[in-house]
Amino acid sequence: MTLKIYNTLNNKKEEFIPIKDGEVKMYVCGPTVYDLSHIGHARSAVSFDVVFRHLKRLGYKVTYTRNYTDVDDKIINRANKEGVQSIEIANRFILAFDKDMADLGVELPTHRPRATETIEEMIALIEKLTDKGFAYSAGGDVFFRVRAFKEYGKLSGKNIDDLESGARVEVDGKKEDPLDFALWKSSKPGEPAWDSPFGSGRPGWHIECSAMCLQLLGESFDIHGGGKDLIFPHHENEIAQSEAATGKPFARYWLHNGFVNIEKEKMSKSLGNILNIRDALKDYSPECIRLFLLSSHYRSPIEYGPGTLKEAEAKAERFYRTIERIKKEVPSAFTTAPDKELLRDATAAITAALNNDFNTAEVIGLVFKKIAEANRILDSNKADAKKDLTIILGFFKEAGAVLGLFQKEPEDYFKLLKGRVSLSEEEIERLIQERNTAREEKNFKRADEVRDELKEKGIILEDTPEGTKWTVS
RNA sequence: GGCGGCGUACCCAAGUGGUUAAGGGAGCAGUCUGCAAAACUGUCAUUCAGCGGUUCGAAUCCGCUCGCCGCCUCCA
């Protein structure tokens, strides 16, 4: 059973073979920190978080680097607007991003470089490109000579001549060719600037990632990821710069996650239909959002909306309800070790699904198959229920660990939901008491009124042998 | 115009050559309940946008048609 990965370089699913046996080096483009991160960033981070976790689970020693682009026009613009230094903006949104990632249960990558920590490497890289004839200075800027790199377009499948004819040009008289892109930009007064052999200035966007990859992962590494929108020009340019400079293949596997759409349209800053992670978290739990993101394959587009998110919430609830039930009816299943061999057989399906280009949706499907199975076992009062349940719980533990889901105690999950209700717990308890009194008096009309009132506020009552419980709809 | 992707039930969504097309949501029927809720059981696509082709065999491969989307400009 080998890992297969869809590689944008060939548009094919390929067997994954790392450069160095047992080790994986991967790089994922992180955010440009000029604003709060949105659900699209969350999708990328969560998708590659699962890639990271699965690779580790397979036994690889993984070095995962995700950068922060902390020098950029947009950061400068925002800084100017607020009358503060760029670095202040960058710092603020790096903190915000880190918090959002933590909320979403995204593991910390091995390295989280900031672009500005690698300026020296960028300058060295640009010099190298200039020496080799791949770059040229022009009026304080330095550009990459796209036509000098013969393989330009190999990632995005574009043809240089087609690009040129269809170019919605950004006219820059300093360029030899409209396709050439900036490696180094001269700075205007007040902008962040570094001294360099080409004059005082700052790096272009693409060169940052190349420099950070080269510094932290080496000239050639295994996996490079990012959103689909980065394929061109960003990743194409990274390849061009890096391979032109080193003469060696850059990343071997290029993975790209699909977009998050809102009302069928791509969510993006330029369209202005963005939803930031924090606002999403006001409506849905982090687990619900993560479950939503992982319920489809990472390359497919997904639709963010009340329908899909409510479904994710229903799934999470179904999961924790069953765990709660096992906890109540067969608590010893949690403290008994599962049979190793049986567990291994059961969890092989998780590996198989994730080995198929990280098919998280299938894993989630498997989880719910087990949920139904667990409920059936509980209903049946089978003699060996405990043994079967330990396997199922073991399965959940494995699936949950690699997906970053299903790891809470059910009480904590439901407590989280209950926190969203407008009534106080005391008030709810009082109403439940009132209803139960009515029920004892066979005053079912009043009892049902109370239940309906609560339902309107999103509170669902359940009468169980242990008394009346409430949950949130 | 160039390049890439998608179209699976009421909705979301796996499946990418081979037994009865995962899973979730919604619906319907039953068990349970004062009635509900939750849970369980049963039911819910002879069919995978359409039309051809390859094959013993296709949702899965190939071609065409229709529809949708993305990239080609900063963007996860």
Side-chain angles (χ1 to χ4, degrees), chain A residues 8 11 13 28-32 34 37-48 72-74 153 156-159 161-170 179 205 225-234 236 256-261 264-271 274 291-292 295-297 299-303 305 307-319 321-322 324-325 353 356-357 359-372 374-380 439-440 442-445 447-448 451-452 455 460-464 468-471 473:
Chain A
T8 307
N11 291 325
K13 226 189 264 182
V28 172
C29 291
T32 299
Y34 72 98
S37 296
H38 57 70
I39 295 293
H41 296 107
R43 184 175 195 194
S44 179
V46 168
S47 297
F48 289 105
D72 171 88
D73 288 350
K74 289 184 173 169
S156 55
K158 294 188 188 305
N159 172 303
D161 296 312
D162 293 340
L163 280 173
E164 188 114 22
S165 61
R168 306 179 211 173
V169 205
E170 154 212 346
L179 293 176
W205 177 35
K228 268 194 160 84
D229 44 2
L230 298 183
I231 295 172
F232 191 91
H234 184 53
E236 196 69 70
H256 293 96
N257 64 273
F259 302 131
V260 178
N261 294 157
K264 303 265 187 229
E265 266 189 319
K266 173 189 170 187
M267 182 190 313
S268 77
K269 288 170 183 171
S270 42
L271 286 173
I274 55 162
L291 188 51
F292 157 71
S295 287
S296 308
H297 187 89
R299 279 188 289 114
S300 311
I302 50 175
E303 173 76 19
T308 48
L309 271 292
K310 283 279 177 216
E311 270 184 32
E313 208 159 57
K315 279 186 195 173
E317 210 169 315
R318 179 164 158 78
F319 179 85
R321 251 181 214 298
T322 304
E324 194 176 42
R325 190 176 170 204
N356 181 19
D357 198 26
N359 195 337
T360 54
E362 192 181 340
V363 178
I364 290 169
L366 292 170
V367 165
F368 286 98
K369 242 181 185 169
K370 296 277 180 203
I371 284 289
N375 278 311
R376 241 173 276 135
I377 290 170
L378 291 168
D379 276 6
S380 72
R439 287 173 72 209
E440 275 161 31
K442 303 278 183 215
N443 183 359
F444 296 122
K445 184 166 169 281
D448 290 349
R451 186 167 65 198
D452 291 343
K455 192 178 177 185
I460 305 293
L461 297 187
E462 290 175 29
D463 297 322
T464 74
T468 303
K469 294 186 172 177
W470 63 277
T471 54
S473 68

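Computed over heavy atoms, backbone and side chain alike; hydrogens, waters and symmetry mates excluded. Note on naming: letters A, B, ... go to the chains in the order of the sequence lines (proteins, then strands), and numbering restarts at 1 for each one.
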Sugar-phosphate, base or nothing in reach of A:F368, heavy atoms under 4.0 Å | sugar-phosphate

Using only side-chain N and O atoms of A:T308, determine if any of them is under 4.0 Å from OP1 or OP2 of B:A13.
-> no

With a 4.0 Å cut-off on heavy atoms, is A:S380 in touch with a base, just the backbone sugar-phosphate, or nothing at all?
-> nothing

Between B:A49 and B:U8 - P atom distance, rounded Å = 7 Å

Complement of B:C66, any strand, by Watson-Crick or G-U distances under 3.5 angstrom | B:G7

Within less than 4.0 Å of OP1 or OP2 of B:C71, is there a side-chain N or O belonging to A:K266?
-> yes

Compare side-chain N and O positions of A:R318 against OP1 and OP2 of B:C40 and report whether any pair is under 4.0 Å apart.
-> yes

If B:C74 has a Watson-Crick or G-U wobble mate with both distances under 3.5 Å, name it; if not, just say none.
-> none

Given that both distances must come in under 3.5 Å, which nucleotide forms a Watson-Crick or G-U wobble pair with B:U55?
-> none

Is any side-chain N or O of A:N356 closer than 4.0 Å to OP1 or OP2 of B:G15?
-> yes

Atom-to-atom span, CZ of A:R325 to C1' of B:A38 - whole angstrom | 9 Å

Between B:C74 (C1') and A:F232 (CZ): distance, integer Å = 13 Å

d(NE2, A:H256; P, B:C6) in whole Å | 16 Å

A:D463 pairs by side chain to side chain donor-acceptor pair (under 3.5 Å) with which of A:R439, A:R451, A:K469?
-> A:R439

Given that both distances must come in under 3.5 Å, which nucleotide forms a Watson-Crick or G-U wobble pair with B:G42?
-> B:C28

What is the nucleic acid contact for A:G226, judged by heavy atoms within less than 4.0 Å: base, sugar-phosphate only, or nothing?
-> sugar-phosphate

Please tell me if the side chains of A:F319 and A:L291 come closer than 4.5 Å, counting only heavy atoms from C-beta onward.
-> no

Interatomic distance at P, B:C62 relative to B:A21, whole Å | 24 Å

B:G23 P sits how many Å from A:H297 NE2, rounded?
-> 20 Å

Going through the checks in order, is the side chain to side chain donor-acceptor pair (under 3.5 Å) test met by A:S295 and A:K315?
-> CA-CA 10 Å; A:S295 287; A:K315 279 186 195 173; 3.2 Å; yes

Find the partner of B:U20: check Watson-Crick (N1-N3 plus N6-O4 or O6-N4) and G-U wobble (N1-O2, O6-N3) distances, both under 3.5 Å, and reply none if neither fits.
-> none

Would you kindly give the CG-to-P distance between A:L378 and B:C32, to the nearest whole Å?
-> 19 Å

Integer-rounded Å distance: B:G25 P and A:E317 CD = 10 Å

